[in-house]
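Working notes, beginning with the structure itself.
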Amino acid sequence: MNVLSCSINTLIKEGLYEISGVEVGQHFYWQIGGFQVHAQVLITSWVVIAILLGSAVLAVRNPQTIPTDGQNFFEFVLEFIRDVSQTQIGEEYGPWVPFIGTLFLFIFVSNWSGALLPWKIIQLPQGELAAPTNDINTTVALALLTSVAYFYAGLSKKGLGYFSKYIQPTPILLPINILEDFTKPLSLSFRLFGNILADELVVVVLVSLVPLVVPIPVMFLGLFTSGIQALIFATLAAAYIGESMEGHH
């Protein structure tokens, strides 16, 4: 009986360890045209996009003058995103709400999908399925989109005069001001990627060292921090856009 109990416990522990494991540096590649892409990131990104599109369809399918519970939730999310955009960008926040909202929702759902969906049960020839934000290529792409939006906002409002900010208040600061604009997307990318990867590594270590009763609360804490990371990214993106439109640092 003791042998059977030990065997069951060993199987459970091994199964949990396999589910919570992280394969670092291994990817499942697809060849698309002349490019090699990370297939696992595309697959999980499509799932996240499907969740967001499905939620959007449900939200606008039958709007009511007196909102129901589901409509109340979606309206609350929209108001929250509008508040973040208005606080950081100012009175001209309106056109930027879709962009900031897309960033926030994509990162939020991606982070939570990595914690809640059993991606690792699905076996791939190489690598593993995980949250899209668990791949630095995704976080770099999101950061570069923010950088493009940052320059577009400044140029669309001020034209070529936007570049005069690089020599203000003195031309001596030109290299520093240019360096600052290049480090903004870099810091956004590594902040998001580093926090998501660190959270997964902590769970892996805890599962391998202590009983499951300890890792589970840490996993729930990871849900909270994942949401905070999405909020931080969206808030900083809106702040950078607002800063670009105001023309000061």
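Across Ile107, Val109, Ile43, a single residue satisfies side chain to side chain contact (heavy atoms under 4.5 Å, CB included) together with Val48, and that is Val109.
A continuous path of hydrophobic side-chain contacts links Leu53 to Phe74 [ILVMFWY only; heavy atoms under 4.5 Å]. Cluster membership check: Trp112 shares its hydrophobic cluster with Ile49, using side-chain heavy-atom separations under 4.5 Å among Ile, Leu, Val, Met, Phe, Trp and Tyr. Ile51 and Leu58 are members of different hydrophobic clusters when ILVMFWY side chains are connected at heavy-atom separations under 4.5 Å. Each of Tyr240 and Val148 belongs to its own hydrophobic cluster when Ile, Leu, Val, Met, Phe, Trp and Tyr are linked at side-chain heavy-atom distances under 4.5 angstrom. In this structure, Ile100 is a member of the same hydrophobic cluster as Tyr152, with clusters built from ILVMFWY side-chain heavy atoms closer than 4.5 Å.
In this structure, Ser113 and Ser110 approach most closely via the heavy-atom pair OG-O, 2.7 Å. The two residues Pro98 and Thr102 have their closest heavy-atom pair at O-OG1, 2.7 Å.
The CD atom of Glu92 sits 12.0 Å away from atom CD of Gln86, with the distance rounded to the nearest 0.5 Å. Between Phe108 atom CZ and Ile228 atom CD1 the span is 9.5 Å, to the nearest 0.5 Å. Remark: Leu236 CG to Glu243 CD distance equals 10.5 Å, nearest 0.5 Å. Note: Leu78 CG to Glu75 CD = 8.0 Å, rounded to the nearest 0.5 Å.
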For this session: Just do the side chain to side chain contact (heavy atoms under 4.5 Å, CB included) check on Gln88 and Ile241 with the steps written out, would you?
Result: CA-CA 8 Å; Gln88 300 300 325; Ile241 292 171; over 6 Å; no
For this session: Go through the steps to decide whether Phe106 and Leu142 satisfy the test side chain to side chain contact (heavy atoms under 4.5 Å, CB included), and finish with yes or no.
Result: CA-CA 10 Å; Phe106 179 80; Leu142 294 173; 4.3 Å; yes
Exercise. Would Val84 and Leu231 count as a side chain to side chain contact (heavy atoms under 4.5 Å, CB included) if you check the C-alpha gap in whole Å, the side-chain angles of each, and the deciding distance to 0.1 Å?
Worked result: CA-CA 9 Å; Val84 170; Leu231 176 59; 4.1 Å; yes
Exercise. Is there a side chain to side chain contact (heavy atoms under 4.5 Å, CB included) between Leu105 and Ile81 once you walk through the steps?
Worked result: CA-CA 9 Å; Leu105 291 174; Ile81 294 171; 4.2 Å; yes
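Ser147 contributes no side-chain N or O that, together with a main-chain N or O of Leu144, makes up a donor-acceptor pair within less than 3.5 Å. A donor-acceptor pair under 3.5 Å links the side-chain atoms of Ser244 to the main chain of Tyr150, judged by distance alone. In terms of modelled atom types and a separation under 3.5 Å, the side chain of Thr138 and the main chain of Pro132 share a donor-acceptor contact.
Between Phe80 and Phe104, the ring planes lie tilted relative to each other; the angle falls in the 30° to 60° range.
In the displayed structure, Ile172 atom CD1 is contacted under 6.0 Å by at most 12 heavy atoms of other residues, nucleotides or ligands.
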